[in-house]
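Just so it is clear: chains get the letters A, B, ... in the order the sequence lines come, proteins before strands, and each one is counted from 1. Just the heavy atoms: all of them, side chains too, but no hydrogens, waters or symmetry mates, feed the values below. These numbers were taken from a predicted model, which means no experiment stands behind them.
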Amino acid sequence: MMRPLMAEHVKRDLVSIGDLSTAEILELFHHADEFRANLHAWSDLCRGAIMATLFFEPSTRTRLSFESAMLRLGGGVISAADTESSSRAKGESLADTVRVVGGSYADILVVRHPEDGAARVAARYATVPVINGGDGAHEHPTQTLCDLYTLWKEKGRLQGLEVVLCGDLRYSRTIHSFCYALARFGANIVTMPYPGFELPDYVLRRLDREFGVRAASASVGDLPGLADSSNAVAYLTASKPHQLALFTKLGNVEVSRIDAIYMTRAQLERHDSQDTTTDYPRVTPSTLRAASTKDASIMHPLPRVDEISYDLDDDPRSIYFRQAELGVPMRMALMAFLLGKIQLRAKQPDLLSVSPGISGGVGLRCRNEKCITNNEGVRYLERDFRLREKTSPPALSCAFCESELEARFIGHSASRIVHRHNAAEVRQIKPDNRVYFESEAQAEAAGFTWQAT
Amino acid sequence: MMRPLMAEHVKRDLVSIGDLSTAEILELFHHADEFRANLHAWSDLCRGAIMATLFFEPSTRTRLSFESAMLRLGGGVISAADTESSSRAKGESLADTVRVVGGSYADILVVRHPEDGAARVAARYATVPVINGGDGAHEHPTQTLCDLYTLWKEKGRLQGLEVVLCGDLRYSRTIHSFCYALARFGANIVTMPYPGFELPDYVLRRLDREFGVRAASASVGDLPGLADSSNAVAYLTASKPHQLALFTKLGNVEVSRIDAIYMTRAQLERHDSQDTTTDYPRVTPSTLRAASTKDASIMHPLPRVDEISYDLDDDPRSIYFRQAELGVPMRMALMAFLLGKIQLRAKQPDLLSVSPGISGGVGLRCRNEKCITNNEGVRYLERDFRLREKTSPPALSCAFCESELEARFIGHSASRIVHRHNAAEVRQIKPDNRVYFESEAQAEAAGFTWQAT
Amino acid sequence: MMRPLMAEHVKRDLVSIGDLSTAEILELFHHADEFRANLHAWSDLCRGAIMATLFFEPSTRTRLSFESAMLRLGGGVISAADTESSSRAKGESLADTVRVVGGSYADILVVRHPEDGAARVAARYATVPVINGGDGAHEHPTQTLCDLYTLWKEKGRLQGLEVVLCGDLRYSRTIHSFCYALARFGANIVTMPYPGFELPDYVLRRLDREFGVRAASASVGDLPGLADSSNAVAYLTASKPHQLALFTKLGNVEVSRIDAIYMTRAQLERHDSQDTTTDYPRVTPSTLRAASTKDASIMHPLPRVDEISYDLDDDPRSIYFRQAELGVPMRMALMAFLLGKIQLRAKQPDLLSVSPGISGGVGLRCRNEKCITNNEGVRYLERDFRLREKTSPPALSCAFCESELEARFIGHSASRIVHRHNAAEVRQIKPDNRVYFESEAQAEAAGFTWQAT
């Protein structure tokens, strides 16, 4: 029913920022520089190619940026930006839509969808490359690429930068993707959340597990508008400090130089929309008069509401409009790559390090209620989990939305006998025969028993 | 007020599948094959041409297919997909819209509209070719072309094929157009309607009148999910069997080999939307295990809801995604033809066989309440009927929506005296002077009397 | 915060019809003629350029006309026609939107916005040329250009033409722009408003002040459907009659020859939508049987509702569809000019004659409640007024929506002492130090006093 995972080795997609290796990302930056040098010089590179934007959630900015990039590459654009009212209203699944549009209609797809993990579904079913334009609270990787590219151009490097993330850190997929990317490139992160909107635990766990990044409490001096003493300022950095780190042990960190402040608006559409604007953090001229912010670039994914004062628009440290401007050459580079018009010499991510999917249809269910497997995918998706690493109990992550769960019980697919994950019997079960469960009830519901009878 | 009919002889439109001759359709199939051989090789063929999609009803799929086809031909696209909110909201008529957009704005129009017959109105008023992208319950001829093309490629022929139509056969314009087309090409039709959603009588009458196709009761053996003994399975075939027919007389037909099953979803948006999904027919793996369906291609115009199991997506007999895929080269061929970029050697339909319009403004009114002449056209359209054939009483069909009515009374335009249609006096009235009425009341309301006074 | 006005001298925008000199407009007409001679011959002229349409208010017609023009010039189009639902819904300002889209995304912007003066805001913040596609009740200059161009082609000249404006003259920005343009070109205007929908006073004042055009009462004989004796028919012409005028003194004018009737629909969406269609003026065949209308061209910006009978569509005097048709070559000429692809030899408008902005932030507030400075601009726009001319009291106009106010009080920015505008002390204040107020209360609220204390 689903396309074999093998297909992903042939065509390249960008669903998660992890779908590109660190070296590939840097190489794309250099290509983006070339495109940017003369935006009008590339109108033959992708002539004849068609990009389809399938936006199941509105986003003028992201859609226009992709469309502009494709037109500047000489390609054509077809766009379903109002998909609520047509095929989807008639009950069509995302899998069907991408199989139709990603056939003869278009040569590359950009998908935005409200359900977590939707872009991975699109990538599996489409025979053409898929770019994730934002899937629920999961990821928005091209925004991350553009942010990294802007910061890299501004500072000349990413490693060792001190980056403050401020505002709604809980619901912003942009922030989550950016965190992982900063960690990969060796930047340090200072979190200044709007109280109640801290980074979620699963992001912290993943930062630790994948990048060895851990949090310490921190102080950053007086930053008017951003944080006061009551805020929980945290410092996220490699627990084995890399060579450029300014300190030698984690603990109470004092950050004296800030390289960038990344501000986000309250994602009101993703939670109950109480008015948070009255005491929401705000970058103003006084914020930038602190000694620590002398060279701080001010970033924002836009649209802003009031989080950054208009008085700062002409300040040379304000680079939020440059982020948008650089989005076009960055997306040109990405699409030219995915369409095979430019080649990267860098090694692609080691896909083999990702364990093959665990056909968990028997018992497991993704814990994320907004995951596509618990929503429209119920009709056609097989559940699919990956073994993240050999923790005890084993941590599995949903192959679509990447949410995690712990498999406390493991059974044998043939004998249908289940054990605690740390029982001696488990070691006898070959990996291919293992069936994972979160709870006893789940195992029993799937017809597993504790003893051969 | 209306453009003279003569104009239709010069520019070509595709409002009804009957606007193309059978030979032209086959020739377009061969052109579509050429386009499909390399979709990316045609970006100079229609360079400079602009297609406008005027969609007064949402349809992502159809619109994107047309737009992709035009872009692959090298042309440009302008699109009014959300027309509810602008000109039309301001009260503009379709006739005005197509005269504006089909002037300097665009070189070809694709129109989708909720009212039956709207595409014919567009074709009359526009000075550029018009393609019907679906007008109410009337026709959707490019869908039919794509369906025929897919079946023709799959089976190598159309004549003599045994095609099952299943589901909502009443409200699906796709099904109606497809029926006429199958009859023209000499295929036989087995209807398996969802009870209450049988083919309408006017479709059956037209099949009989135009193609000599009549219905017989039929049995097809056990087809789980599609039909049970309570279903009224009918067999539609030429009453004078063509050379490839498998039988010599109509009657109780047993169909032992099915070449294709064409499934449709319930057109919930066209009737009261009770939930019909519980007992709606459904193609599942068990359906395809019947002996008769061994070589049956599974077709669907998409989007599907649940009528075809996802388990069949990888079955080689499932060709519903291929239907969508072939839509692009088929539409490329059609548009290149209408724009004069490819020539067909085949003879065009014999338009002279269609009687000239009967200016029925005096008394007749189309019986179809959803006909554009009874809706927005009231403001500006003259009623227009065509004499279908010399039945008694004469059958007239609306020149826009093709609904039929019987003219039981005929008057003289000058003397304003009316007679029963079969009265001797009628034969004295020259055709040009005849005025047709359905009822005495209608004739009297128009000021006609029974006797010279 | 705002871009310096100087920037407007470098790039050219079309926000108001006054942004083009009379000679430039005529030169553009000749270019439009060239484009029109073969619409398909220009697909290399602007290859690689991208136009963005930012429509914060629906308008299929205007948007499609611009998009067609850009495609015919060989450029690409990105379009945000449904902006309610995305960035703007997230609270983004127009200034931010145009800085993002008018950066790397697009090379020229077309903006339609419901607030008066919005297009000027867009032009100030964007680094690329901005075309006003209609901003509230302010202006719609490309419609005016197309109307003038059509009339000029039809009559061979504009000077001395007798043009009747009929219908809703109050809320139609199209009419207002057209009035100013007719006055500039020396045409005479006969107003036949739907009662209660007369030309606003501020339009009359501006016609007088800028073009020396004044109103006289007039009679035009019997024009069925358009006016009866109870209508206030006014005649607007140069108070110093130009050489082609048909009369030598203003007063009771009798117009015996009408060159054009420009009809508009009721702008129901701009005021309380009572049904006005019952007694709204209407051009019918009988209107055109009057002696005075023998050579009258019938114009309409479209979409029409019922103001012009469909029976006139084939009358050679009906040129409303030609207006739409000529819109494409006219917009091609305009965009090719703004993108620097064609040069005009004519002198540009004498921008220096416009006084520099008066930083009225201290006290003045635009009186137009629909002005962008009183709506979304409150968050970021500095108020800005221009000294129209040295009347007494001084007339100032809003730099955005061009509404006027009278500054009855003038203070000194340093001493903060205020005087009546005609006080002797005012003459001692250097222009740069003057602060203007409408009322004493306004001056006092700004902390100004009457006496040094």
Side-chain angles (χ1 to χ4, degrees), chain A residues 35-36 38-44 53 55 57-77 79 81-82 84 112 265-269 277 300 302-314 320-332, chain C residues 1-4 43-44 46-56 67 70-71 74-109 124-128 339-340 376-382:
Chain A
F35 286 116
R36 186 177 179 243
N38 182 358
L39 285 175
H40 294 86
W42 308 94
S43 58
D44 284 322
T53 55
F55 274 43
E57 226 187 19
S59 169
T60 305
R61 178 182 312 288
T62 301
R63 181 174 60 81
L64 293 185
S65 180
F66 272 109
E67 293 181 0
S68 174
M70 193 59 176
L71 291 173
R72 295 209 183 281
L73 289 170
V77 174
S79 185
D82 180 25
E84 287 308 319
R112 169 170 287 217
R265 70 185 172 86
Q267 302 274 322
L268 295 177
E269 71 272 27
T277 52
H300 193 295
L302 301 180
R304 69 172 152 181
V305 183
D306 271 318
E307 311 84 39
I308 299 179
S309 164
Y310 276 82
D311 297 325
L312 291 173
D313 288 359
D314 290 334
Y320 32 91
F321 290 118
R322 202 166 316 147
Q323 281 170 270
E325 184 229 312
L326 295 173
V328 172
M330 184 69 241
R331 289 184 170 95
M332 289 169 77
Chain C
M1 184 160 77
M2 276 184 303
R3 292 290 163 274
S43 59
D44 284 322
C46 296
R47 183 163 304 286
I50 296 180
M51 175 189 82
T53 55
L54 299 176
F55 274 42
F56 298 90
E67 293 181 359
M70 193 59 176
L71 292 173
V77 173
I78 58 177
S79 185
D82 180 24
T83 42
E84 286 309 319
S85 52
S86 56
S87 293
R88 209 180 171 215
K90 293 174 186 164
E92 178 162 76
S93 68
L94 177 62
D96 278 12
T97 301
V98 301
R99 277 184 285 190
V100 166
V101 179
S104 58
Y105 291 23
D107 305 300
I108 189 167
L109 304 182
R124 285 207 184 171
Y125 281 92
T127 55
V128 300
L339 287 166
E376 78 140 71
V378 164
R379 283 159 51 196
Y380 61 94
L381 281 179
E382 272 183 56

Top of A:Glu325, A:Arg322, A:Gln323 for chain C proximity - count of heavy-atom pairs under 4.5 angstrom: A:Glu325
Mind listing the closest non-hydrogen atom pair of A:Val305 and C:Arg379 along with its distance? O-NH2, 3.3 Å
Residues passing the side-chain contact (heavy atoms from CB on, under 4.5 Å) test with C:Ile50, sequence neighbours excluded, are A:Ser68, A:Leu71, A:Arg72, C:Ile78, C:Ala106, C:Asp107
Start with the C-alpha gap between C:Glu92 and A:Thr60, add the side-chain angles, then the distance that decides, and say whether side chain to side chain contact (heavy atoms under 4.5 Å, CB included) holds. CA-CA 11 Å; C:Glu92 178 162 76; A:Thr60 305; over 6 Å; no
Check: A:Arg63 side chain, C:Ser79 main-chain N or O, donor-acceptor pair, under 3.5 Å: yes
Kindly indicate whether the side chain of A:Glu67, heavy atoms from C-beta on, has any atom under 4.5 Å from the side chain of C:Tyr105. no
Could I get the full list of ring pair (Phe, Tyr, Trp, His ring centres under 6.0 Å) partners for A:Phe35, not counting sequence neighbours? A:Trp42
Restricting to non-hydrogen atoms, name the atom on C:Ser104 and the atom on A:Leu39 that form the minimum distance, rounded to 0.1 Å. CB-CD1, 3.7 Å
The interface call for C:Val101 against chain A, heavy-atom contacts under 4.5 Å, is side chain
Would you compute the distance between atom OH of A:Tyr310 and atom CD of C:Glu382 and round it to the nearest 0.5 angstrom? 14.0 Å
